[in-house]
Amino acid sequence: MNARDRLIVGLDIPTIGEAEKMVSALGDTVSFYKIGYQLVFAGGLELARDLAKDGKKVFLDMKLLDIDNTVAKGVENIVKMGMTMLTLHAYPKAMRAAVEAARGSDLCLLAVTVLTSMDETDLVDASYEYDPHTLVLRRSEQALAAGMGGIVCSAEESAAVRKIVGPDLAIVTPGIRPAGSEAGDQKRVMTPADALRAGSSHLVVARPIVKAPDPKAAAQAILAEMQDVL
């Protein structure tokens with residue numbers, strides 16, 4: 001894959017109209033988009049279907065977690081939407097149910113390990129006994145055993161995760177910030193080039209592109225940095 005296949009632009013935008021304008025502005029520069037809660041609850045599922053019909057790849061960031069049957073039925077319908085990637089929280093039973101429901105399809109199921117907005121203090125507050133790095137590795141092992149298609153983690157953990165999951169699974173990294181960008185609410189961040197060097201296969205970039213004065217130029221700069229590494 002080249003850089004264009006590995007850059008996922010997060011449409012963290014409040015309305016469908018604004019999202020459609022962003023997609024139009026980015027044009028052929030970007031081929032892969034992430035749609036999460038903010039846009040889903042503004043009608044983003046229809047946009048996701050439309051993007052897929054237009055030949056774009058769509059990463060549906062729903063972080064599913066529920067009883068096995070509910071997860072499985074949700075995944076079955078998401079398969080029918082033509083999505084490329086879907087996130088679940090990395091709980092073993094939920095992952096196994098999702099893998100079985102997606103069997104035979106092209107949907108890549110991604111295990112969300114530890115959110116990039118969380119550090120060790122946050123995990124303690126949430127009653128976890130592990131630090132972020134240890135929990136990411138434990139959940140990566142469980143995702144591999146469940147048959148998931150990839151892992152979502154910060155670039156700080158990519159190298160260690162890659163040793164666990166091998167060369168074939170996707171490692172999708174949010175919290176990507178080009179040099180000089182503000183971290184915002186992210187606590188475990190890395191530049192695009194460094195993330196790829198660390199072992200990430202796909203990079204999710206939202207604010208540095210969609211909030212830029214010239215989003216297309218921002219995306220092109222990130223792609224150029226990525227391509228230099230690839």
Side-chain angles (χ1 to χ4, degrees), residues 1-64 74-88 98-99 101-112 148-152 168-174 176 178 192 195-196 200-212 214-230:
M1 292 185 292
N2 60 31
R4 190 166 171 269
D5 297 314
R6 295 170 181 258
L7 174 64
I8 304 173
V9 173
L11 291 176
D12 297 340
I13 296 173
T15 70
I16 297 299
E18 291 174 84
E20 289 173 338
K21 288 179 182 178
M22 181 59 61
V23 171
S24 178
L26 292 170
D28 292 335
T29 299
V30 173
S31 63
F32 211 152
Y33 289 97
K34 178 184 77 74
I35 292 180
Y37 289 152
Q38 182 180 24
L39 204 55
V40 160
F41 296 127
L45 293 180
E46 286 305 315
L47 176 62
R49 290 188 179 93
D50 291 343
L51 288 172
K53 288 177 182 177
D54 289 341
K56 301 291 188 181
K57 297 178 182 179
V58 181
F59 166 13
L60 196 59
D61 189 17
M62 296 305 298
K63 300 182 181 71
L64 299 182
V75 170
E76 288 173 4
N77 277 338
I78 290 168
V79 166
K80 296 173 186 177
M81 292 172 62
M83 301 294 95
T84 302
M85 289 178 167
L86 168 70
T87 49
L88 296 88
V99 167
R103 195 174 302 283
S105 75
D106 293 327
L107 179 63
C108 179
L109 297 172
L110 301 174
V112 176
M148 296 286 281
I151 307 295
V152 180
D168 297 329
L169 264 67
I171 297 180
V172 180
T173 302
I176 298 298
L196 291 176
S200 299
S201 62
H202 297 75
L203 310 182
V204 179
V205 184
R207 280 168 281 188
I209 291 177
V210 301
K211 297 294 186 182
D214 186 339
K216 186 172 184 178
Q220 289 171 334
I222 290 172
L223 286 167
E225 179 180 341
M226 293 170 65
Q227 198 63 53
D228 285 344
V229 176
L230 298 173

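No experiment lies behind these values; they were computed from the predicted model shown.
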- Would you check, one step at a time, whether the test side chain to side chain contact (heavy atoms under 4.5 Å, CB included) holds for I16 with L39? CA-CA 7 Å; I16 297 299; L39 204 55; 3.9 Å; yes
- Quick one: CE on M62 to CG on L45, what's the gap to the nearest 0.5 Å? 6.5 Å
- Query: Taking C-beta and beyond as the side chain, do L203 and I222 meet within less than 4.5 Å on heavy atoms?
  - Reply: no
- Short question: side chain of N2, backbone of D5 - any donor-acceptor pair under 3.5 Å? yes
- Compare every heavy atom of G10 with every heavy atom of V210, then report the nearest pair and how far apart it is. CG1-O, 3.6 Å
- In Å, rounded to the nearest 0.5 Å, how long is the span from CD1 of I8 to CD1 of I35? 12.0 Å
- Closest heavy-atom pair, G82 versus A52, reported as atoms and distance to 0.1 Å, is O-CB, 3.8 Å
- Qualifying salt bridge (Lys or Arg N to Asp or Glu O under 4.0 Å) pairs, either residue in residues 31-52, two or more places apart: D12-K34, K34-D61, E46-R49
- Shortest non-hydrogen contact between L110 and A170, atoms and distance: CD2-CB, 4.4 Å
Sequence neighbours excluded and cut-off under 3.5 Å, please list the side-chain donor-acceptor pairs for residues 19-32, or say none.
| from | atom 1 | to | atom 2 | distance (Å) |
| --- | --- | --- | --- | --- |
| T29 | OG1 | L26 | O | 3.3 |
| S31 | OG | R4 | O | 3.2 |

- Item | Shortest non-hydrogen contact from E76 toward A101 | CG-CB, 4.0 Å
- Task: Write down the atom of C108, the atom of G150, and the distance for their closest heavy-atom approach.
- Result: SG-N, 4.3 Å
- Message: Please check if the number of heavy atoms outside D106 that lie under 6.0 Å from its CG is greater than 12.
- Response: no
- Item | Qualifying residue, where the test is side chain to side chain contact (heavy atoms under 4.5 Å, CB included) with L64 and the options are V112, V75, T87, L109 | V75
- Item | Straight-line distance of M83 CE to S105 OG, nearest 0.5 Å | 12.0 Å
- Query: Tell me, do V99 and M148 make a side-chain contact under 4.5 Å, heavy atoms counted?
  - Reply: yes
- Side-chain touch I171/S200, heavy atoms, less than 4.5 angstrom: yes
- Taking atom CG of L223 and atom CG of L7, what is their separation to the nearest 0.5 Å? 5.0 Å
- Message: Name the residue from L11, T84, L60 that meets the side chain to side chain contact (heavy atoms under 4.5 Å, CB included) definition with Y33.
- Response: L11
- Message: When you compare the side chain of I176 with that of P208, does any pair of heavy atoms fall below 4.5 Å?
- Response: no
- Got a second to check how far Q220's CD is from Q227's CD, nearest 0.5 Å? 13.0 Å
